Amino acid sequence: MINKELEQKLETFLNKSNRNFNQDSINYLGLRECGTIDGKIGKFHIISYLVSISNQPYDGDVFFYARFDEKTNQLVEIVGPQSWEKIEE
């Protein structure tokens, strides 16, 4: 049930941070081994969510991906189509 817990944790973070996202779009994708932009390699829980960008010159929704550390279940980073953000809680 870690997937539901992490989905809830991400939703709480997004709401607390006043970030826009489409309700009911948060989806646990699985545990993956990958590298981060700052060079860290490890296993991360990956969770996707949609963000509406209709206020941009181009319309539509885009996926963002949140990575949670496998061991600590802490949110590590959020990756968007043109962005990367390291999360330090």
Side-chain angles (χ1 to χ4, degrees):
M1 286 308 213
I2 189 71
N3 56 343
K4 294 297 178 195
E5 292 173 24
L6 291 177
E7 287 176 353
Q8 183 59 49
K9 196 172 188 178
L10 177 60
E11 184 173 355
T12 300
F13 172 82
L14 294 172
N15 285 325
K16 184 178 168 184
S17 303
N18 294 320
R19 297 177 187 229
N20 294 326
F21 67 98
N22 296 3
Q23 294 295 323
D24 300 322
S25 71
I26 296 175
N27 185 35
Y28 181 85
L29 299 176
L31 184 63
R32 306 281 190 269
E33 184 170 346
C34 52
T36 63
I37 199 165
D38 61 353
K40 183 179 178 184
I41 297 176
K43 287 191 174 183
F44 299 93
H45 296 280
I46 310 297
I47 301 175
S48 68
Y49 63 97
L50 280 171
V51 176
S52 177
I53 58 167
S54 60
N55 61 347
Q56 301 292 325
Y58 41 89
D59 290 329
D61 294 334
V62 295
F63 278 104
F64 279 70
Y65 298 92
R67 293 182 182 178
F68 287 82
D69 185 90
E70 174 195 25
K71 294 178 180 142
T72 65
N73 293 333
Q74 292 296 312
L75 180 59
V76 175
E77 65 184 8
I78 295 177
V79 179
Q82 297 176 331
S83 65
W84 171 80
E85 178 182 4
K86 184 174 184 173
I87 308 296
E88 298 185 51
E89 293 184 284

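Note that the structure is a prediction, hence the values are computed from the model and not measured. We count residues from 1, following the sequence as given.
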Sorted by chain and residue number, the side chain to side chain donor-acceptor pair (under 3.5 Å) partners of K86 (sequence neighbours excluded) come out as D38

Given the rule that I, L, V, M, F, W and Y join up when any side-chain heavy atoms are under 4.5 Å apart, are I87 and I47 in one cluster?
yes

Rounding to 0.5 Å, atoms CG (L14) and CD1 (I26) come to a distance of 5.5 Å

Out of curiosity, Y49 OH to E11 CD, how far, rounded to the nearest 0.5 Å?
12.0 Å

Looking only at non-hydrogen atoms, find the nearest pair between G35 and R67 and report the distance.
O-NH1, 2.7 Å

Any donor-acceptor N/O pair, S17 side chain to R19 backbone, under 3.5 Å:
no

F44-Y65 co-clustered via ILVMFWY side chain contacts under 4.5 Å
yes

First locate atom CG of N20, then atom CG of N15, and finally report the distance between them rounded to the nearest 0.5 Å.
10.5 Å

Show me the pairs that pass side chain to side chain donor-acceptor pair (under 3.5 Å) and involve residues 21-32, at least two apart or across chains.
N22-D61, Y28-H45

D69 to V76 - nearest heavy-atom pair and separation:
N-CG2, 3.6 Å

Are the side chains of F63 and L50 in touch, meaning some heavy atoms are under 4.5 Å apart?
yes

Main chain of F68, side chain of K9: is a donor-acceptor contact present, judged purely on distance under 3.5 Å?
no

Atom CZ in F13, atom CD1 in I78: separation rounded to 0.5 Å?
4.5 Å

Roughly how far apart are L6 CG and N73 CG, rounded to 0.5 Å?
5.0 Å

Would L10 and F21 satisfy side chain to side chain contact (heavy atoms under 4.5 Å, CB included), going step by step from the backbone distance to the final call?
CA-CA 11 Å; L10 177 60; F21 67 98; over 6 Å; no

Starting at CD1 of I2, measure out to CD of E7 and round the result to the nearest 0.5 Å.
10.5 Å

Residue pair P81 / F64, side-chain heavy-atom distance below 4.5 Å
yes

